[in-house]
Colleague: 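One structure is given below, represented as structure tokens, and several questions about it will come after.
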Amino acid sequence: MQQPLIAVVEDEEALREAVTEYLSGRGFQVAPCADAAAYRKLVETQSVDVALLDIAMPGEDGLSLARWIRSRGPRPGIIFTTAAGMTVDRIVGLEIGADDYVVKPYDLRELLARVKSVLRRLADQPASAPATAAPVRANRVVSVGPMMLDLDSRRLAAKDGQTVDLTAMEVDLLAALATRPNRILTRAQLLELAHGRSAGESDRSIDIRITRLRKKIETNPDSPQLIRTVRGEGYMFVPDQA
């Protein structure tokens, strides 16, 4: 069985080499990239499973590269590495579609745990969906307005049968909400249910993920009907709203 390919996009040579050596020693294929250009060249011939992106790189930065990656689809998984205190960068990264982030200086064991977590979520999603996807199965399916979420295949299908592109984290979040309809869930609860709380992670980061998800499933994201905000408490999923 082919091992997952992890791209380490990091301009600091010593750190890039340390991460490459550590992940390689744990059985992963690792492709070190000194900059965004090297990553773009890499994906011309290889399929990356998880991209570790340094945000502050000379030339094209990690945020720009992530936008390009997400413009091509929901894969690969993206984990940002960012300097301590750069909250704005982390928020922008989540808005772009990152799956996770780690703050420098980080423990390589923590990085490994996050890589494995992203890979587990991706493993539960089909790599791609045909243009005319088959209807979702009747087993463990929940309604999301006019769409259907298959909890087993982790696929959200629109009325015409086409799959709605969601990241692994967005599927986790939607599943957490959709399986608890008409129930208020706090931000802290959603972090635990959909992702697992990370050290130092603010409850408010769930707001960014909710905003991204609404843009994909709500008829009017500015006036959401499926995922309601309950002021001062959290969010509630209302399944019978189209």
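Throughout, residue positions are numbered sequentially from 1 according to the sequence presented.
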Colleague: Just wondering, do Leu226 and Phe237 contact through their side chains at under 4.5 Å, heavy atoms?
Modeller: yes

Colleague: Please name the pair of heavy atoms, one in Pro224 and one in Glu218, separated by the smallest distance, quoted to 0.1 Å.
Modeller: CB-OE2, 3.4 Å

Colleague: Between Thr20 and Ser24, what is the shortest heavy-atom contact and its length?
Modeller: O-OG, 2.7 Å

Colleague: Measure the shortest side-chain to side-chain distance between Leu177 and Ile210 over non-hydrogen atoms and say whether it is less than 4.5 angstrom.
Modeller: yes

Colleague: Given side chains that start at C-beta, do those of Leu52 and Val115 come closer than 4.5 Å, heavy atoms only?
Modeller: yes

Colleague: Only counting residues at least two apart or in another chain, list the ones meeting side chain to side chain contact (heavy atoms under 4.5 Å, CB included) with Ala31.
Modeller: Leu5, Leu42

Colleague: According to side chain to side chain donor-acceptor pair (under 3.5 Å), who are the partners of Asp222, at least two apart in sequence or on a separate chain?
Modeller: none

Colleague: Nearest 0.5 Å please: distance from the CD atom of Glu10 over to the CD atom of Glu17.
Modeller: 11.0 Å

Colleague: Apply the test side chain to side chain contact (heavy atoms under 4.5 Å, CB included) to residues Ile55 and Leu63: give CA-CA distance (whole Å), side-chain angles for both, the deciding distance (0.1 Å), then the verdict.
Modeller: CA-CA 6 Å; Ile55 289 182; Leu63 295 174; 4.1 Å; yes

Colleague: Sequence neighbours left out, what passes side chain to side chain contact (heavy atoms under 4.5 Å, CB included) with Leu108? Give chain and number order.
Modeller: Val19, Tyr22, Tyr106, Leu111

Colleague: With Thr211, which residues qualify under side chain to side chain contact (heavy atoms under 4.5 Å, CB included), at least two apart?
Modeller: Lys215

Colleague: Going by side-chain hydrogen bond (donor to acceptor under 3.5 Å, both in side chains), name the pairs with one or both residues in residues 36-52, residues two or more places apart or in two chains.
Modeller: Arg40-Glu60

Colleague: Start with the C-alpha distance between Thr229 and Tyr235, add both sets of side-chain angles, then the distance that settles side chain to side chain contact (heavy atoms under 4.5 Å, CB included), and finish with yes or no.
Modeller: CA-CA 5 Å; Thr229 299; Tyr235 295 97; 3.4 Å; yes

Colleague: Tell me the closest heavy-atom pair linking Lys216 and Asp165, and the distance in Å.
Modeller: NZ-O, 3.1 Å

Colleague: Give the minimum heavy-atom separation between Lys104 and Asp54, together with the two atoms involved.
Modeller: NZ-OD1, 3.1 Å

Colleague: Are any non-hydrogen side-chain atoms of Pro4 and Val50 less than 4.5 angstrom apart?
Modeller: no

Colleague: Does a side-chain heavy-atom distance below 4.5 Å link Asn182 with Val238?
Modeller: yes

Colleague: Among all residues two or more places apart in sequence or in another chain, which pass the side chain to side chain contact (heavy atoms under 4.5 Å, CB included) test with Arg72?
Modeller: Val43, Trp68

Colleague: Arg75 versus Leu122: any side-chain heavy-atom pair under 4.5 Å?
Modeller: yes

Colleague: Could you walk me through whether Arg187 and Asp207 pass salt bridge (Lys or Arg N to Asp or Glu O under 4.0 Å), step by step?
Modeller: CA-CA 8 Å; Arg187 293 174 176 84; Asp207 296 338; 2.7 Å; yes

Colleague: Does the distance from a Lys or Arg side-chain N to an Asp or Glu carboxylate O, for Arg154 and Asp172, drop under 4.0 Å?
Modeller: yes

Colleague: Please assess Leu166 against Leu213 for the test side chain to side chain contact (heavy atoms under 4.5 Å, CB included), listing each intermediate value before the final yes or no.
Modeller: CA-CA 8 Å; Leu166 299 177; Leu213 185 57; 4.0 Å; yes

Colleague: Is there a side-chain contact between Arg212 and Thr167, using heavy atoms and a 4.5 Å cut-off?
Modeller: yes

Colleague: Among Asp61, Thr82, Leu65, which residue meets the side chain to side chain contact (heavy atoms under 4.5 Å, CB included) test with Leu53?
Modeller: Leu65

Colleague: Which pair of heavy atoms, one from Leu149 and one from Ala178, lies closest together, and at what distance?
Modeller: CD2-CB, 4.4 Å

Colleague: In Å and rounded to the nearest 0.5 Å, what is the CZ to CZ distance from Arg214 to Arg209?
Modeller: 15.0 Å

Colleague: Could you walk me through whether Arg70 and Ile78 pass side chain to side chain contact (heavy atoms under 4.5 Å, CB included), step by step?
Modeller: CA-CA 9 Å; Arg70 279 292 170 260; Ile78 295 175; 3.7 Å; yes

Colleague: So which atom in Asp35 and which in Met57 form the shortest heavy-atom distance, rounded to 0.1 Å?
Modeller: CA-SD, 4.3 Å

Colleague: A side-chain contact here means heavy atoms from C-beta on lying under 4.5 Å apart; do Val142 and Pro239 qualify?
Modeller: no

Colleague: Look at Asp100 together with Lys116 and state whether they make a salt bridge at an N to O cut-off of under 4.0 Å.
Modeller: no

Colleague: Under 4.0 Å between a Lys/Arg side-chain N and an Asp/Glu carboxylate O for Glu12 and Arg16?
Modeller: no

Colleague: From Leu156 CG over to Met147 CE, what is the distance, rounded to the nearest 0.5 angstrom?
Modeller: 5.0 Å

